[in-house]
Every structure is written in structure tokens, then in C-alpha cells.
Amino acid sequence: VRVAGVAYRAIWVAEDARGVEIIDQTRLPHEFEIVRLYALEDALRAIRTMQVRGAPLIGITAAYGLCLALCDDASDAALDAACRTLLAARPTAVNLRWALEEMRAALADVPPAEREARAYARASELANEDVAQCRAIGEHGVGWIEAVHARRGRREPVNVLTHCNAGWLATVDWGTALAPVYLAHDRGVPVHVWVDETRPRNQGASLTAWELGQHGVPHTVVADNAGGHLMARGAVDLCIVGSDRTTARGDVCNKIGTYLKALAARDCDVPFYVALPKSTIDWTLDDGRAAIPIEERDAREVGFVTGRDTDGKTREVAILPEGSAAANPAFDVTPARLVTALVTERGVCEASREGLLELYDERRTQSR
Ligand code: MRU
């Protein structure tokens with residue numbers, strides 16, 4: 001995806017091969033700043049402080065974090081320790097575990113002296129696969145947008161509602177939920193996106209709106225609570241969101257507030273689609289509500305809002321009365337029955353065990 005005409009990914013190996021570079025997402029939309037990660041601690045900090053975020057990007061950052069750790073110490077003990085600390089960086093997106101398992105498998109029989117090179121090669125493969133998978137998600141999902149357009153047969157835009165940021169900033173490139181939107185737009189299908197602001201960290205307002213704007217996709221940011229009203233008024237043709245963990249039976253865990261959008265969509269007969277690569281499927285879990293660990297973030301994120309004032313200075317302001325408690329669960333689970341369909345790099349399927357197994361037949365023998 002391009003930023004001011006220049007092609008970027010959300011993470012890449014530095015040109016001089018000394019470290020890995022990321023776009024600091026805590027600075028967007030007001031500042032575009034590239035940060036270099038030199039050591040494991042830098043990668044850990046980037047994930048924990050959400051300089052990088054979004055399930056697939058967290059996984060790829062962890063993979064590169066392991067490379068950085070191995071530059072310092074390629075011993076078995078260092079490899080184990082780095083995997084342990086990276087795994088604990090954020091709890092909900094299963095892509096983190098997936099990426100570390102992929103890296104471990106690639107490094108298992110490699111002697112320490114060769115580990116660093118092998119690790120970089122595998123991490124870069126995973127990054128390239130993520131790009132290809134997101135592009136494929138776009139190809140499989142764009143039909144939903146094209147079908148609405150064909151039905152209408154006019155220039156009026158197809159209205160898509162999305163929650164949080166599941167665009168290219170949440171992956172390596174293309175995004176998951178936004179990949180079909182970008183493809184539709186690139187193919188000349190008129191598309192407009194309702195962007196949920198996504199309190200408390202505002203990933204919709206600050207990241208989704210920014211990346212759609214950079215790509216020239218028409219969009220409107222709405223307060224999180226506006227979605228139900230818009231759907232009831234017929235202003236939303238379809239919802240597409242991403243996922244941080246999808247269980248074997250198709251329950252979907254995504255940014256807090258996704259569940260309420262799915263409920264409103266069901267009540268208003270609006271299709272509710274979820275886009276995800278295979279790295280987001282947790283085949284070990286069934287009941288998402290019972291089993292997915294939900295990240296509890298600092299309540300400070302609810303009590304303070306950060307933004308740019310009229311002098312161009314970034315400021316944090318308090319919005320709660322002194323002494324009021326706040327809670328900050330960061331994700332919720334939407335049960336499979338509220339999901340119209342899933343789209344992955346392999347195609348579209350029902351949100352159910354059978355639906356997923358139709359796409360991932362190789363899992364039949366491993367799945368309970
Ligand atoms: O807390 P975040 O910003 O990491 O949460 C991100 C989301 O919830 C995204 O919707 C999800 O990771 C899907 S990303 C393609």
C-alpha cells in the first residue's frame with residue numbers, strides 16, 4: 001500500500017540489514033514515523049505498547065523479534081527464553097503463538113551458528129505469506145461487495161461498516177477485513193466505509209480512517225454507538241471485521257464492540273462477515289466465550305483521551321470524574337451463529353466446524 005505515493009509494508013528488514021523497521025502506529029494519524037528495532041527488547045516494547053498491533057502483524061513482529069534475539073545469543077536457552085517472553089507480550093491474538101511455533105519448527109534442527117540466518121529467512125517467508133494470504137482474502141471477499149453493486153446497478157456506493165483496524169496496518173500489507181474493500185475500490189466499484197472510531201484506543205478513527213484516506217477510499221468515521229442506528233436505517237450493506245482468534249467451531253474474537261455490531265447486524269438483516277488468515281484459527285479451542293483469554297488493558301485508556309490540539313501539540317486529557325473506576329476489556333467474542341460467513345485465504349465458508357474443515361481438510365484428522 002502507498003503512503004504519499006511510496007509503497008510501504010507495516011514491517012520490513014532494514015535496507016542495511018541491521019534490524020527491522022516498523023511504522024510507529026501510536027503516532028498515527030498525525031505523524032508518520034519509522035522506528036527501527038535492533039534487539040528483542042525493542043520488538044517486545046513495540047508489541048506491548050502497540051507501536052505495532054493487529055493480530056497478523058503482532059505474529060510477524062514476534063517472528064522478527066526472535067531473529068533479533070538470536071543475533072545476540074543463538075543458544076537453545078536464549079531461544080527458549082525469547083519465545084517465552086514474546087508469547088507473553090499480548091494474550092488474545094493467537095497469531096503470536098502461531099508465528100513462534102512456525103519459527104521454532106524451522107529452527108529446531110539448525111545448529112546455533114546458522115540460526116540467525118535461518119530465522120531471518122523463515123520470518124521473511126512468513127511475512128510474504130501474510131501478504132499473499134491477505135491478497136487472497138481480498139480476492140475471495142470482493143465478490144460480496146461486487147454482488148451488492150451488481151444488484152443495485154447504479155453508481156451509488158456500496159456501504160461497508162468495519163470495526164477497529166483490520167487493514168494493512170494490522171497485517172504486513174492489504175489487511176484482512178479491508179482487503180476486499182481495497183480490491184473493490186481498485187476495480188472501480190464505488191465503495192464507502194463506515195469506520196467505527198473504536199474506543200478506547202481509537203484504532204478506527206486514527207488508523208483505519210488514515211489508511212483508507214491514503215488509498216483514496218471514501219469513508220466516514222462514526223462514534224462506536226452509531227452502527228446500530230445506521231444499520232436500522234438501511235445505510236449499511238454489509239459489515240466486515242477482522243479477528244484475533246477464531247475457534248475451530250467458528251466463534252470469533254475481535255476488538256471490543258464487535259459483538260454488539262454483530263447483534264445489530266442480525267436484527268437488521270445486514271450480513272456480518274469476518275475475514276482472517278489461517279494463522280488466526282485456534283484449532284485447540286471450541287467455545288470462544290469460555291476459552292479465549294481476553295486482554296484487560298490499563299483503565300487509563302478509558303479515562304484519558306489523546307489527540308492533537310489546535311496548536312498542533314499532542315495532548316492527553318482526562319474525561320472521567322476524579323475517583324470513578326474504569327474497566328478496559330480489549331476484546332469480545334462473537335458466537336459463530338451471528339456470523340454470516342468467514343473468508344480466509346482459501347475461500348468463503350460457513351462459520352462452523354464443518355465450514356472451516358471444508359477449507360482446511362488436512363485438519364480433519366487432527367480435529368476433535
Ligand atoms: O488491539 P489491537 O489494535 O491489536 O486489535 C486489533 C483488532 O482487533 C483487529 O480487528 C484484529 O487484529 C484483526 S487484524 C487483521
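Just the heavy atoms: all of them, side chains too, but no hydrogens, waters or symmetry mates, feed the values below.
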Checklist entry - Quick one: does Val20's side chain get under 4.5 Å of Trp12's, heavy atoms only? => result no
Checklist entry - Taking atom types as modelled and ignoring hydrogens, do the side chains of Gln25 and Arg53 form a donor-acceptor contact shorter than 3.5 angstrom? => result yes
Checklist entry - Regarding Ser352 and Glu350, is there a side-chain donor-to-acceptor distance under 3.5 Å anywhere? => result yes
Checklist entry - Is it true that Arg118 and Glu114 make a salt bridge, defined as a side-chain N closer than 4.0 Å to a carboxylate O? => result no
Let me have the donor-acceptor pairs involving side chains of residues 95-103, under 3.5 Å, with sequence neighbours excluded, atom names and distances please.
| unit_1 | atom_1 | unit_2 | atom_2 | d |
| --- | --- | --- | --- | --- |
| Asn95 | OD1 | Thr280 | OG1 | 3.4 |
| Asn95 | ND2 | Ser279 | OG | 3.1 |
| Asn95 | ND2 | Thr280 | OG1 | 2.9 |
| Arg97 | NH2 | Asp282 | OD1 | 3.1 |
| Glu102 | OE1 | Arg122 | NH2 | 2.7 |

Checklist entry - Is there a donor in the side chain of Arg187 and an acceptor in the side chain of Tyr182, or the other way round, less than 3.5 Å apart? => result no
Checklist entry - Ala209 and Val195: which non-hydrogen atoms are nearest, and at how many Å? => result N-CG1, 4.3 Å
Checklist entry - Under the criterion salt bridge (Lys or Arg N to Asp or Glu O under 4.0 Å), which of Asp16, Asp24, Asp42 is the partner of Arg36? => result Asp16
Next on the checklist: Any salt bridge linking Arg90 with Asp244? Criterion: basic side-chain nitrogen under 4.0 Å from a carboxylate oxygen.
Outcome noted: no
Checklist entry - Relative to Tyr259, does Arg289 satisfy both conditions: NZ or CZ under 6.0 angstrom from the six-membered ring centre, and within 45 degrees of the ring's axis? => result yes
Item to check | Ionic contact status for Arg315 with Asp309, cut-off 4.0 Å | outcome: yes
Checklist entry - Looking at Leu40 and Ala69, what are the two nearest heavy atoms and their distance? => result CB-CB, 3.9 Å
Checklist entry - What are the two closest heavy atoms between Ile319 and Phe304, and how far apart are they? => result CG1-N, 4.5 Å
Checklist entry - Below 4.0 angstrom, N of the basic side chain to O of the carboxylate: do Glu316 and Arg300 qualify? => result yes
Checklist entry - Between His163 and Asp224, which heavy-atom pair has the shortest distance, and what is it? => result CE1-OD1, 3.8 Å
Checklist outcome for this item: Heavy-atom closest pair (Thr208 atom, Cys164 atom, distance to 0.1 Å) is OG1-O, 2.7 Å
Next on the checklist: Evaluate Arg363 against Arg353 for side chain to side chain contact (heavy atoms under 4.5 Å, CB included), listing each step before the verdict.
Outcome noted: CA-CA 10 Å; Arg363 286 278 166 179; Arg353 169 179 299 280; over 6 Å; no
Checklist entry - Are Lys255 and Asp332 ion-paired here, with the side-chain N under 4.0 Å from a carboxylate O? => result no
Checklist entry - Does Lys278 count as lying over the ring of Tyr360, i.e. NZ or CZ under 6.0 Å from the six-ring centre, within 45 degrees of the axis? => result no
Next on the checklist: Do the side chains of Arg135 and Glu345 get close enough for a salt bridge, i.e. N-O under 4.0 angstrom?
Outcome noted: no
Item to check | Where Ile137 and Pro180 come nearest, the two heavy atoms and their spacing | outcome: O-CG, 4.1 Å
Item to check | SB check Asp196 Lys261 (cutoff 4.0 Å) | outcome: yes
Item to check | Check: Asn165/Glu211 side-chain N/O donor and acceptor closer than 3.5 Å | outcome: yes
Checklist entry - So, His192 versus Thr220: side-chain donor-acceptor pair below 3.5 Å or not? => result yes
